[in-house]
Colleague: 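Input: one structure, supplied below.
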Number of protein chains: 2
Amino acid sequence: MNTAARPFEDQIDVSTQYIRDSIRDAIVDRRLAPGTKLSETDVSALFKVSRTLVRGALQALSYEGLVNVEKNRGAFVAYPSPEEARQIFATRRMIEPGILREAAKNMGPSYFERLRQLLTEEGRLMGERGQTARRAEIKASGDFHLMLASMTGNAVMERFMDELVARSSLVIALYGQSAISSCGHQEHQDIVALIECGDLDRACHLMIHHIDHIEKDLDMRENKGSDLKEAFKL
Amino acid sequence: MNTAARPFEDQIDVSTQYIRDSIRDAIVDRRLAPGTKLSETDVSALFKVSRTLVRGALQALSYEGLVNVEKNRGAFVAYPSPEEARQIFATRRMIEPGILREAAKNMGPSYFERLRQLLTEEGRLMGERGQTARRAEIKASGDFHLMLASMTGNAVMERFMDELVARSSLVIALYGQSAISSCGHQEHQDIVALIECGDLDRACHLMIHHIDHIEKDLDMRENKGSDLKEAFKL
DNA sequence: GGTTATAGGATCGTATACAATTTGACCAGG
DNA sequence: CCTGGTCAAATTGTATACGATCCTATAACC
């Protein structure tokens, strides 16, 4: 699942794709802080490839909204503004009910089994402590929504959700409070239960409420103390 | 509005962006047929730039789904399969009701004025004949949906719709019948009227029906005679 | 001392060069 | 005539070279 962080990197086909995935994982996992400069030279040295491939990867990431490239200045890990964050969650509220209804059409026993498996894993992670566990929890939380998207069997929509979830993870990592809302997991379970009951209207309603809940739990004041200069650049 | 096809090309800043827009316009306008090979050398000669910039433009277009890049084989104007076309329209049905509801929240008199202006132009085009007029009509039809998306004030969603409309245009150009459904324009008008009445439920319902209508008017049989080999490649 | 001018280094943007892969033609063999 | 294989041309993939822009430190001037 994790495309980066494999051993024996030298033996692996190091391509633009690989670099892109590695950087994306690092951003979503918050190993790369928002605003960090991604120097072409540095990255190319790190992966032992030419700048050509790195530029391709950075450009691709900018299309996904995870990296901002500024002409003649370089690429930076995205530092989504509160407004941008709001738009991301607003977009999710607009499309996820549709995804839920579409996925429900294809729901068979095996799909419910996969969902339950994911929820079990998610619950297990919530019991743990530490930063690593928290990262895994954020990731698992996103995976639930991604799995629903994949169950639509619609690749176009799935790609949109990939992007939205990745950007959401970045936003949560940025503006998330230390006190994690533990109700997210419960809401996931409730949504699955409602789908299983066939009560899609209430499931959709809860989904919107759930996304709203995630957003409301963020502390989206401008400039969280540190990178003041970022706010005034450009 | 049309970013390409400007006079005095030599004096304009010919960048990756410009090449990308030019090719996209050509694809959406169907001046470039689906399946056409976009040789890096040829395109670079055409725009009098190096292959580097062309590669960037082609890669960008592949993210938008308008171009397929096959490793070591080159870039081709997308030839969306019927399945892919179905997914595009399915995605639109999933998200456009959400857009409509969100846009309605911001609707003031000036927005309705802009919509009506667009509809007038659309109606004017329907009276005309010829291939040019038909292209303009397809474009205008997409512009209606794009305008609604822009009225959400949500840049993230707007970008998704940009992509979906562009790909839809390609699909319509590919699988569209000679007999154009003239009810699309009427449905646009009805949707606006329903929004103005405040009857969003019916407006959403009609929107879904409208998208469905566009899709149903296509003749999506595999292999429209010509490119048989495309169907079996990769 | 503070401000502006300027020079140097660092970084990005574009073009070009070279390596790797594909493609299509030609030819030998069945 | 068809099949299969080999080689050359064409095209893409990647690396490198060079020019342009930006940032910073230093110094001159007010």
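Residue numbers begin at 1 in each chain, while the letters A, B, ... track the order of the sequences.
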Colleague: Would you sort out whether Q117(B) and R114(B) count as a side chain to side chain donor-acceptor pair (under 3.5 Å), showing the intermediate values?
Modeller: CA-CA 5 Å; Q117(B) 223 169 311; R114(B) 280 171 58 200; over 6 Å; no
Colleague: Under the rule for side chain to side chain contact (heavy atoms under 4.5 Å, CB included), what residues qualify as partners of I211(A), not counting sequence neighbours?
Modeller: F89(A), R92(A), R93(A), E96(A), M207(A)
Colleague: Does anything in residues 51-67 of chain A come within less than 4.0 Å of DNA chain D? Heavy atoms only, and list the residues if so.
Modeller: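 Of all residues in residues 51-67 of chain A, the ones placing a heavy atom under 4.0 Å from DNA chain D are R51(A), T52(A), L53(A).
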Colleague: Check side chain to side chain donor-acceptor pair (under 3.5 Å) between E128(A) and all other residues, then give those that pass, not counting sequence neighbours.
Modeller: R124(A)
Colleague: For K71(A) and dT14(C), give me the distance from atom NZ to atom C1', rounded to whole Å.
Modeller: 10 Å
Colleague: K71(B): which residues meet the salt bridge (Lys or Arg N to Asp or Glu O under 4.0 Å) condition with it, sequence neighbours left out?
Modeller: none
Colleague: Can you name the salt bridge (Lys or Arg N to Asp or Glu O under 4.0 Å) partners of E163(B), sequence neighbours left out?
Modeller: R159(A), R167(B)
Colleague: Looking at residues at least two apart in the chain, or sitting in another chain, which of them share a side chain to side chain donor-acceptor pair (under 3.5 Å) with N68(B)?
Modeller: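 For N68(B), no residue satisfies side chain to side chain donor-acceptor pair (under 3.5 Å) once neighbours in sequence are set aside.
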Colleague: What nucleotide among dA15(C), dG13(C), dT11(C) has an atom nearest to a side-chain atom of N72(A)?
Modeller: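 Looking only at side-chain atoms, N72(A) lies closest to dG13(C).
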Colleague: I'd like a table of donor-acceptor pairs (distance under 3.5 Å, sequence neighbours excluded) in which one partner is a side-chain atom from residues 52-61 of chain A, with atom names and distances.
Modeller:
from	atom 1	to	atom 2	distance (Å)
R55(A)	NH1	E40(A)	OE2	2.8
Q59(A)	NE2	Y63(A)	OH	3.2

Colleague: Quick one: salt bridge (Lys or Arg N to Asp or Glu O under 4.0 Å) partners of K37(B), sequence neighbours excluded?
Modeller: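 Salt bridge (Lys or Arg N to Asp or Glu O under 4.0 Å) check on K37(B) returns nothing, list empty.
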Colleague: Would you kindly give the CD-to-C1' distance between E40(B) and dT21(C), to the nearest whole Å?
Modeller: 13 Å
Colleague: For E122(B), check side chain to side chain donor-acceptor pair (under 3.5 Å) against everything at least two apart and list the hits.
Modeller: H185(B), H188(B)
Colleague: Does R86(B) have any side chain to side chain contact (heavy atoms under 4.5 Å, CB included) partners at least two apart in sequence or in another chain, and if so, which?
Modeller: P82(B), E83(B), E215(B), M220(B)
Colleague: For the helix from dG1(C)-dC30(D) to dG30(C)-dC1(D), measure the angle between the helix axis at one end and the axis at the other, each built from five pairs, rounding to 10°.
Modeller: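 Inter-axis angle at the termini of the helix from dG1(C)-dC30(D) to dG30(C)-dC1(D): 10°.
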Colleague: I'd like the 5' and 3' limits of the part of DNA chain D contacted by chain A, with heavy-atom contacts below 4.0 Å.
Modeller: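 In short, chain A contacts DNA chain D from dT14(D) to dC23(D).
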